[in-house]
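Here the structure is laid out as structure tokens; the discussion comes afterwards.
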Amino acid sequence: KNTNEKQRTRVSGGQQKSAFTSIRLKINLGLAAGLLILVGVGTIANINTNRLDDATEARKQALHAKITNQLLLNNLIDSETGQRGYLLTGDKNYLDPYYKATAQHEKLIGNLLSATQSPGDRKLIMQIDQLTHSKLNELSETIELRRTKGFAAAQSIVLDNSGKAY
């Protein structure tokens with residue numbers, strides 16, 4: 001009887017050891033799975049954060065380009081306003097907006113070029129630059145005619161509508 005009890009105790013102890021090992025394995029597998037899920041979620045969150053940063057930067061650049069475009073347009077309007085006031089009155093004070101606007105033109109075009117990487121957009125900006133230079137040259141020509149030859153000479157250029165081409 002003593003031998004049978006020892007055998008049962010040995011078998012029972014082995015089963016306990018096996019059950020303990022099985023529970024430990026399950027706990028370790030659960031921890032490993034949780035860790036893998038945590039690493040996966042962290043990786044996905046990092047990727048999405050990087051995408052969001054890229055999208056935010058692209059939006060900032062687009063907004064900067066839009067604002068610069070508006071400033072460029074406002075400068076052209078100011079230069080025309082100054083030119084028109086001078087042509088009508090002959091008073092050089094009306095040229096202040098013209099001079100301020102033309103002084104900022106190159107800087108604004110440079111800002112647009114630096115804000116874009118797209119070859120198509122850069123080509124478009126260069127076309128805008130050509131057109132605005134043509135318009136500024138036309139304004140300058142009429143201002144010079146008014147200064148040197150008087151109102152009628154400048155008026156003839158305005159009346160031929162060549163400025164509407166720009």
Side-chain angles (χ1 to χ4, degrees), residues 27-166:
I27 290 172
N28 286 339
L29 286 175
L31 289 173
L35 184 61
L36 284 174
I37 290 170
L38 187 61
V39 167
V41 167
T43 301
I44 291 170
N46 188 39
I47 289 169
N48 286 337
T49 299
N50 289 339
R51 286 182 181 166
L52 181 62
D53 288 346
D54 292 345
T56 300
E57 185 60 32
R59 187 175 170 109
K60 276 186 195 175
Q61 287 179 349
L63 182 60
H64 181 267
K66 183 177 180 179
I67 290 169
T68 305
N69 276 330
Q70 189 62 49
L71 289 172
L72 186 60
L73 178 60
N74 289 346
N75 270 353
L76 284 173
I77 292 169
D78 288 349
S79 62
E80 276 190 315
T81 300
Q83 175 244 21
R84 187 178 312 114
Y86 177 71
L87 293 183
L88 292 173
T89 66
D91 183 350
K92 290 181 182 179
N93 289 324
Y94 281 96
L95 291 175
D96 287 344
Y98 168 81
Y99 289 129
K100 287 177 185 174
T102 55
Q104 290 183 353
H105 176 77
E106 292 303 320
K107 179 182 175 189
L108 291 171
I109 290 293
N111 288 347
L112 281 174
L113 287 171
S114 68
T116 186
Q117 310 304 320
S118 164
D121 288 347
R122 292 178 75 78
K123 183 178 178 183
L124 183 60
I125 292 167
M126 296 309 294
Q127 289 173 341
I128 291 169
D129 187 38
Q130 282 182 315
L131 289 171
T132 55
H133 271 292
S134 296
K135 181 62 178 175
L136 292 172
N137 287 338
E138 181 260 332
L139 296 176
S140 176
E141 178 185 341
T142 56
I143 290 169
E144 185 61 23
L145 279 173
R146 173 68 163 108
R147 189 178 65 75
T148 58
K149 297 186 179 181
F151 178 77
Q155 183 185 30
S156 68
I157 299 294
V158 173
L159 290 176
D160 78 2
N161 290 324
S162 62
K164 287 188 175 187
Y166 312 108

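- Put simply, the residue from Asn111, Ile128, Ile77 that forms a side-chain contact (heavy atoms from CB on, under 4.5 Å) with Leu72 is Ile128.
- Heavy-atom minimum distance, Tyr94 versus Tyr86: CB-N, 3.5 Å.
- When all heavy atoms of Ala154 and Leu87 are compared, the closest pair comes out as CB-CD2, 3.6 Å.
- With sequence neighbours left out, Arg122 forms a salt bridge (charged side-chain N to carboxylate O under 4.0 Å, His left out) with no residue at all.
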Exercise. Do Ile27 and Leu31 pass the side chain to side chain contact (heavy atoms under 4.5 Å, CB included) test, and can you show the C-alpha distance, the side-chain angles, and the key distance before you say yes or no?
Worked result: CA-CA 6 Å; Ile27 290 172; Leu31 289 173; 4.1 Å; yes
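- For the pair Ile125/Asp129, no side-chain contact is recorded, criterion being any heavy-atom separation below 4.5 Å from C-beta on.
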For this session: Apply side chain to side chain contact (heavy atoms under 4.5 Å, CB included) to Glu80 and Leu76, showing your working.
Result: CA-CA 6 Å; Glu80 276 190 315; Leu76 284 173; 5.9 Å; no
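- Atom CD of residue Gln83 and atom CD of residue Glu138 lie 6.0 Å apart, to the nearest 0.5 angstrom.
- In this structure a side-chain-to-backbone donor-acceptor pair under 3.5 Å is present from Thr142 to Leu139.
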Problem set entry | From CA spacing to verdict: side chain to side chain contact (heavy atoms under 4.5 Å, CB included), Arg51, Asp54 | CA-CA 5 Å; Arg51 286 182 181 166; Asp54 292 345; 5.6 Å; no
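- In this structure, OG1 on Thr102 lies 10.5 Å from CG on Asp78, to the nearest 0.5 angstrom.
- With respect to Ser79, the side-chain contact (heavy atoms from CB on, under 4.5 Å) criterion is satisfied by exactly one of Ile143, Leu136, Asn74: Leu136.
- Distance check: Thr81 OG1 to Leu95 CG gives 11.5 Å after rounding to the nearest 0.5 Å.
- Residues Asn93 and Asp91 approach most closely at N-OD1, 2.9 Å, considering heavy atoms.
- Among pairs with a residue in residues 139-156, those fulfilling salt bridge (Lys or Arg N to Asp or Glu O under 4.0 Å) read Glu144-Arg147, at least two apart in sequence or across chains.
- Interatomic distance, OG of Ser114 versus NE2 of His64, reported as 6.5 Å (0.5 Å rounding).
- Distance NZ/Lys66 to CG/Leu71: 12.5 Å, rounded to 0.5 Å.
- Using a 4.5 Å heavy-atom threshold, the side chains of Thr68 and Ile109 count as separate.
- Two residues are said to be in side-chain contact when any heavy atoms from C-beta on lie closer than 4.5 Å; Asp53 and Thr49 meet this criterion.
- Taken to the nearest 0.5 Å, the CZ atom of Phe151 stands 6.0 Å off from the CG atom of Leu88.
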